[in-house]
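A quick write-up on the structure given underneath.
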Amino acid sequence: MQHEVMEMLNPGQDGIYVDATIGLGGHAEEILKVIGSEGRLIGIDRDDDALKLTEKRLSDKRVILKRGSFSDMKSLLYADGFTEVDGILFDLGLSMLQLKDAGRGFSFLSDKRLDMRMDKGQKLSAWDVANRYPEPVLERIIREFGEERLSRKIARTIIQIRQKKPIDTCSELSRIVEGVYGGRGRTHPATRTFQALRIEVNKELEQIREGLEAALQLLKKGGRLCVIAYHSLEDRIVKTFMVYASKQDLLKIITKKPRQPSSEEMRLNPSSRSAKLRAAEK
């Protein structure tokens, strides 16, 4: 959604912009084209691998890369003397770099160890959630974070199997969920369970709330906040935050309805089909 992001973010000459989930730098690259020689782009990511690749890709003195979570955005920016910015972009969800790296344990097709950590330095992994969480907690996570209608049966089956042997790999967990469903449909039956574990491991929903609060404080008057969400839990948090802030006269909502990818983009990039872009101005 590069075109839609640039339209909503509306970056200007010599402005200071934050790509709070810089990933491989696709959106950042577009922003750099229009902010002039005195502009600055601060890119934040929890993933060391992504930051290393992005550093090589952009190789630009206007770019400042920071390793960390966007929930810590204020302290990350303050450390370099930035107290206010002209625009902030969040592109939430899983990057293709993480999904395609089988060793990161995000994909239900992988035979690698269950992991799903965006920050490889943290201790909690999906293996811990699947093998150590008690059944009521596991069921709640799958139900709430995965919006999974068979959460109780999936949690109970996981517990039964792990009592005999640990559930070590992504494909093992995937087969367990597939067995509960009795086969595959158009969407893989493990999709919602994997989403739930990933959200729990990375504390994604808490991070979003804290990141949005930090963004609101960092934006200049007239600065813009843009957020791309990929599932209903993320989008609900973003919408609620923007509506509340608008009622407090802190934000003016630009997108009365979220912008979505064009049919052409969805055809070329099927993973974008669930994306929703919301934007507001300080």
> Step by step, would you call Asp86 with Arg224 a salt bridge (Lys or Arg N to Asp or Glu O under 4.0 Å)?
Replying inline: CA-CA 7 Å; Asp86 297 283; Arg224 290 195 172 185; over 6 Å; no

>> Please tell me whether Ser171 and Asp111 have a donor and an acceptor in their side chains that are separated by less than 3.5 angstrom.
In response: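 The criterion, which ignores hydrogens and geometry beyond distance, is satisfied for Asp111 and Ser171.
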
> So, Ser232 and Asp235: side-chain donor and acceptor under 3.5 Å apart, yes or no?
Replying inline: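 Side-chain D/A pair, Ser232 to Asp235: absent.
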
>> Let me confirm one number: the CH2-CG distance from Trp127 to Leu114, rounded to the nearest 0.5 Å.
In response: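 The CH2 atom of Trp127 sits 9.5 Å away from the CG atom of Leu114.
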
> How close do Leu225 and Leu219 get, heavy atom to heavy atom, and via which atoms?
Replying inline: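 For Leu225 versus Leu219, the nearest heavy atoms are CB-CD1, 3.9 Å.
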
> Do you reckon Ile35 sits in the same ILVMFWY cluster as Leu65, going by side-chain contacts under 4.5 Å, direct or chained?
Replying inline: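 Same hydrophobic cluster.
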
> Met8, Leu32: one ILVMFWY side-chain cluster at the under-4.5 Å cut-off?
Replying inline: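 Different hydrophobic clusters.
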
> Distance-only, no hydrogens or angles: does the Ser71 side chain make a donor-acceptor pair with backbone N or O of Glu210 under 3.5 Å?
Replying inline: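 Such a contact is absent between Ser71 side chain and Glu210 backbone.
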
> Taking everything shown except Lys165 itself, do over 12 heavy atoms lie less than 6.0 Å from its NZ?
Replying inline: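 Atom NZ in Lys165 is crowded, with more than 12 foreign heavy atoms closer than 6.0 Å.
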
> Step by step, would you call Arg278 with Cys226 a side chain to side chain contact (heavy atoms under 4.5 Å, CB included)?
Replying inline: CA-CA 6 Å; Arg278 296 185 186 271; Cys226 294; over 6 Å; no

> Can Ser151 and Glu148 be said to form a side-chain hydrogen bond (donor to acceptor under 3.5 Å, both in side chains), step by step?
Replying inline: CA-CA 5 Å; Ser151 59; Glu148 171 57 72; over 6 Å; no

> Heavy-atom distance under 4.5 Å between the side chains of Gln2 and Glu29, does that happen here?
Replying inline: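 Not in contact.
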
> Who passes side-chain hydrogen bond (donor to acceptor under 3.5 Å, both in side chains) against Lys153, sequence neighbours left out?
Replying inline: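 side-chain hydrogen bond (donor to acceptor under 3.5 Å, both in side chains) list for Lys153, sorted by chain: empty.
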
